[in-house]
Student: 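One structure coming up, written as structure tokens, with questions to follow.
Treat the numbers as computed from the prediction; the structure is a model and nothing was measured. What you see below is based on every heavy atom in this structure, not just the backbone, and it leaves out hydrogens, waters and symmetry mates. Every chain is numbered from 1 and lettered A, B, ... according to where its sequence line falls, protein lines coming before strand lines.
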Amino acid sequence: MTHRVVVTGWGVVSSIGHTAASFWSNLVRGVGGIAEATIIPTDLLTHKVVAEVKDFDPRKHFDDRQLAMLDRVSQFAVVAAREAVAHCGLAFDGALSEGTATIIGTGVGGQTTQDENYKRLYRDNAKRLHPLTIPKLMVNAPASQVSMHCGLRGPSFAVASACASATHAIGLAFHMVRSGAVTCAVTGGADACIAFGTMKGWEAMRVTAPDTCRPFSRDRKGLVIGEGAAVVVLETEEHAWQRSADILGEIVGFGMSADAHDLTSPDEGGMARALNGALADARLATSDIQYVNAHGTGTAANDETETRAIKQVFGSHAGKLAVSSNKSMLGHALGAAGGLELVATLMAMQQAVVPPTTNYLGPDPACDLDYVPNEARPLKIDAALSNSFAFGGLNAVLAVKRAS
Amino acid sequence: MDDVATEVMAIIAKKLPVEGQKVQLTDRLEDLGIDSFGAVEMIFDLEEKFDIQISYNSNDARPEFETVGDVVAAIQKIVNGKS
């Protein structure tokens, strides 16, 4: 027996707000989180702008003993998960604790810990590292910490697919709840890779923008690295109904594909297969969709290729879609991006407002859809897609419906 | 052809999909099979070889890097400007 899967809680830590409510309020007003980095020195960086989670004081959320075990990425994951769990109103104890999955995506895990320890070792000639170095930097640390902090004792693991990690994580959690393997899932993504070494790695790829992120716009200059976390609570519709929970939206389909083509160049065919997979899984026709929350990184290649993929899948309906990229404000929060964007998509349906693509200067002939430039737009949305397309050619698309 | 040009062309030749393929100044990088990331790798190799910084963003269409000759000229300019 399969189950309908509804969302009953969400939590967000982002460059434009440390809670879901502040995130949404800034997102619809077009308030961006991109600015010169403050958490790392920028003098040796060619491009200095990032979308940092500003003024995040971990001591507001954790005591010293807890903090010793938490890299920044896990701090974000746990803070977002606590908000989502509180929001859904469930007490995860007894059988429900064991029947709840914890699946958290992350692109790279504890980069701050890794960077600081390498500095100690190679630059400062330290003789030893802190004993918690490995458990802090491991890629499953956010998933493990969320399960421990929220008391979730069901299946738990990390999902790593670079920029699509959160979307793959939520998609797998959706599959598990739909199949009845678990009753609930706490799922999403987190990343915190604004560490000096990681940023030099991004710089070497020559894909980051010197100024800001302008998805689908003419004169776009690339992506801007962001950070944060977003976590949602999924549960079977029956379970939510029985307890008269507030239903925030429904996950109805999930599509995945691999390009098997190029490590970094996006592929229209791979994107289109993931989009079609999500629609087919959801039993939705292209004409049922009003909004696509785009991957929209702001690179020349992604935005052009994603536009072609949307046109290939939607045909003449593509021109009627509202398509927007939250990365214009959030930067690219990598393993968190798909989670932040799913929450934005669910909120857009709930509030009947499409968040804009900001920093848009004017059309690029290769990007000719309606990107909701610079201003949010009221729109009744019954069904929407949220796209994530990762380096490595790994694509994931979630299909969602408004709570009926 | 000076030493810089010879070394630049040797680095470009290493990035080609077909080993031993001849490289000429008039060849377009794209026609040689060097895609955008191949170009980024080529620039890294050039920066390392000559200990220089080359301003390059793969999101810009930079006409000066269209042909092998463009790359050679750009590197010669930076290297000569350095000394």
Student: Heavy-atom distances under 4.5 Å only: say whether A:Thr264 touches chain B with side chain, backbone, both or neither.
Tutor: side chain

Student: Using a cut-off of 6.0 Å, state whether more than 12 heavy atoms not belonging to B:Gln21 lie near its atom CD.
Tutor: yes

Student: Roughly how far, to the nearest 0.5 Å, is the CG atom of B:Asn59 from the CG atom of A:Asn302?
Tutor: 10.0 Å

Student: For A:Glu36, which residues count as a salt bridge (Lys or Arg N to Asp or Glu O under 4.0 Å) partner, sequence neighbours excluded?
Tutor: none

Student: If you count heavy atoms of other groups shown closer than 6.0 angstrom to CZ of B:Phe44, is the number above 12?
Tutor: no

Student: For residues 202-211 of chain A, which residue pairs pass the salt bridge (Lys or Arg N to Asp or Glu O under 4.0 Å) check, not counting sequence neighbours?
Tutor: A:Lys200-A:Glu203, A:Arg206-B:Glu47, A:Asp211-A:Arg214

Student: Any residues in residues 219-226 of chain A near chain B, with a heavy-atom distance under 4.5 Å, and which are they?
Tutor: A:Arg220, A:Lys221, A:Gly222

Student: Chain B: which of A:Thr208, A:Leu263, A:Thr46, A:Val207 shares the most heavy-atom pairs with it under 4.5 Å?
Tutor: A:Val207

Student: In terms of heavy-atom contacts, does NZ of B:Lys49 have more than 12 from other residues, nucleotides or ligands at under 6.0 Å?
Tutor: no

Student: Identify, with sequence neighbours excluded, every residue that meets salt bridge (Lys or Arg N to Asp or Glu O under 4.0 Å) alongside A:Asp370.
Tutor: A:Arg377

Student: Does a sphere of radius 6.0 Å around NZ in B:Lys14 hold more than 12 heavy atoms from other residues, nucleotides or ligands, not counting ones at 6.0 Å or beyond?
Tutor: no

